[in-house]
Amino acid sequence: MSMRHFGYQDKILLLQHGSTELLSLAQRRGALLHKLLSGTGIFEQDLHKPHGRLHHNDWLKLLQNCQQQLNSPELPYLLGGALLNSRYISLCQSLQYAQNLRQAMAQLYYFRHQLFPCFYVRLYQQQHCILIEFKPALGLANQQGFMQTVVFSLLLGLIKQQLGSVCGISLQLQQAASHQLQHQLHWGVDVSFNQSADSISIPLALWQQCFTDADAQKFSATRRTCRQLNRVLNKQRALPESICRLQRKALPQLLNQDQVASALGLSSSSLKRQLSQHNTNFASLLDEVRRDAARQLLQQGHYSNRQLAQKLGYSDEHNFRRAFKRWTGLIPSSFKGMFNFN
């Protein structure tokens, strides 16, 4: 049975899960609605439909139009806050009623296709913190920085709202430090730039701390609404994420392009063409899977380099060590010291 996945032309985004909030913010800053919708498949009457949907290309075009019409660097920060406090988004309401950050993050991850289908995450437990690494589930072109800012603003807004402080939290970003002042002003956390991945580091002490608005009954009610919404928005994944999931399950075997295409119900040429639309390729995704698996195995702390090489499908440990140094700038033994293995 082939795995279901979505692409740019699938209508997997709800207009009332981001688009209407963005349009409202832009219009309050003087942008004209017809210019904001120009070049998209969105019509003004669509905005009032409870389950009106758009595809990802429309969303990217909408972001582009906003940036062209407005000189408003605070827009993604404000959008993150608007999403968090929207009374139309059951998922965001449920986050605020969660018992703690751990439950909120599990809820956001499970239902992320309802709000942020463009990202998926990998989670690592380090000595004193939880590291959540964000990965684009499909190509975001020059809108990736905007969307990352929206996601981090929502998360940090939730933490400030429910725990009263973001002390000890830090962000690691791949982008250059051009937005350093804006990040510091809006987030109030340490941010490092030019990193190998986009991630947020959260102290373990905050992970289980009880939320101010924790309410088990309201959380269950909003969770039920999220489950009902799944009947409208199928729980599908973008193509790059689907490929990574297949490869992770197959390790230490390495699936070739034909095998993956067959599992996804595509021809090999169609798979290659679609990946090029995401600005990636098959080899890069395999490399990403091996890198993430290596980090996860090193968390456990009891594998030799030879064992790691075997588990990741490398012919010998020399090739594994060389790949690991390329991924992290460290040799595996140095990387192990970053984790707590008790």
Side-chain angles (χ1 to χ4, degrees), residues 12 14 17-18 80-81 83-86 89-137 147-148 150-166 168-172 189 197-238 241-242 244-245 248-249 292-293 295-296 299-300 339-340:
I12 43 80
L14 281 178
H17 278 199
L83 292 175
L84 175 63
N85 295 295
S86 173
I89 306 177
S90 297
L91 174 56
C92 291
Q93 292 175 359
S94 72
L95 300 181
Q96 299 174 65
Y97 297 138
Q99 180 181 0
N100 49 38
L101 192 57
R102 180 177 182 176
Q103 187 179 54
M105 292 300 97
Q107 173 83 340
L108 183 58
Y109 178 79
Y110 186 80
F111 291 108
R112 70 187 187 277
H113 60 288
Q114 296 185 6
L115 191 61
F116 297 123
C118 56
F119 288 109
Y120 69 103
V121 302
R122 301 290 289 171
L123 186 145
Y124 305 93
Q125 181 170 339
Q126 298 185 341
Q127 189 170 2
H128 302 294
C129 69
I130 298 292
L131 184 72
I132 307 174
E133 186 174 304
F134 289 79
K135 299 173 175 295
M147 284 305 302
Q148 285 170 340
V150 172
V151 174
F152 286 133
S153 295
L154 185 149
L155 292 179
L156 292 170
L158 175 68
I159 294 169
K160 288 178 184 178
Q161 187 182 89
Q162 297 300 324
L163 301 180
S165 172
V166 290
I169 294 176
S170 63
L171 295 176
Q172 299 78 43
V189 299
D198 297 298
S199 59
I200 181 170
S201 176
I202 302 175
L204 285 172
L206 296 182
W207 202 241
Q208 298 280 14
Q209 188 174 331
C210 189
F211 274 9
T212 299
D213 296 327
D215 188 316
Q217 187 173 1
K218 290 182 178 179
F219 178 79
S220 295
T222 50
R223 185 177 175 86
R224 282 195 301 271
T225 304
C226 291
R227 290 189 180 277
Q228 291 169 358
L229 190 56
N230 274 356
R231 299 172 185 173
V232 178
L233 295 176
N234 291 324
K235 189 178 179 182
Q236 300 181 52
R237 303 303 183 216
E241 180 183 358
S242 296
C244 290
R245 286 162 61 90
R248 281 197 300 270
K249 290 179 180 179
D292 290 346
R295 293 176 62 180
Q296 204 160 32
Q299 250 188 120
Q300 301 171 22
F339 297 97
N340 176 20

side-chain hydrogen bond (donor to acceptor under 3.5 Å, both in side chains) contacts touching residues 200-220 (sequence neighbours left out): N100-Q208, Q162-D213

side-chain hydrogen bond (donor to acceptor under 3.5 Å, both in side chains) between Q107 and S94, worked out: CA-CA 8 Å; Q107 173 83 340; S94 72; 3.0 Å; yes

Donor-acceptor contact below 3.5 Å, side chain Q114 vs main chain C226: yes

By salt bridge (charged side-chain N to carboxylate O under 4.0 Å, His left out) - contacts of R223 (at least two apart): none

Distance (rounded to the nearest 0.5 Å) between I169 CD1 and L155 CG: 9.0 Å

The single option from I89, L233, V151, L14 passing side-chain contact (heavy atoms from CB on, under 4.5 Å) against L115: I89

L108 vs L158, side-chain contact (heavy atoms from CB on, under 4.5 Å): CA-CA, chis, key distance, verdict: CA-CA 12 Å; L108 183 58; L158 175 68; over 6 Å; no

Flag side-chain contact, heavy atom, 4.5 Å: E133 against R295: yes

Nearest non-hydrogen partners of G80 and S153, listed with the distance: CA-CB, 4.1 Å

Contacts of type side chain to side chain contact (heavy atoms under 4.5 Å, CB included), residue Q99, not counting sequence neighbours: Q103

Worked verdict on T225 versus Q93 for side-chain contact (heavy atoms from CB on, under 4.5 Å): CA-CA 10 Å; T225 304; Q93 292 175 359; over 6 Å; no

Face-on cation placement of R237 at Y120 ring, 6.0 Å and 45° thresholds: no

Residues L154, L95; criterion side-chain contact (heavy atoms from CB on, under 4.5 Å); working and verdict: CA-CA 10 Å; L154 185 149; L95 300 181; 4.1 Å; yes

Chi angles and distances behind the side-chain contact (heavy atoms from CB on, under 4.5 Å) call for D198, F119: CA-CA 11 Å; D198 297 298; F119 288 109; over 6 Å; no

H17: side-chain hydrogen bond (donor to acceptor under 3.5 Å, both in side chains) partners, not counting sequence neighbours: none

Inter- and intrachain pairs under salt bridge (Lys or Arg N to Asp or Glu O under 4.0 Å), touching residues 99-115, at least two apart: R112-E241

Residues forming a ring pair (Phe, Tyr, Trp, His ring centres under 6.0 Å) with F134, sequence neighbours excluded: F152

Working for salt bridge (charged side-chain N to carboxylate O under 4.0 Å, His left out), residues D292 and R248: CA-CA 9 Å; D292 290 346; R248 281 197 300 270; 5.1 Å; no

For the student: nearest non-hydrogen atoms of I12 and P117, plus distance: CD1-CG, 3.9 Å

Any side-chain heavy-atom pair of L156 and L171 under 4.5 Å: yes

N85 backbone acceptor or donor facing Q96 side chain under 3.5 Å: no

Any L163 side-chain heavy atom under 4.5 Å of F211 side chain: yes

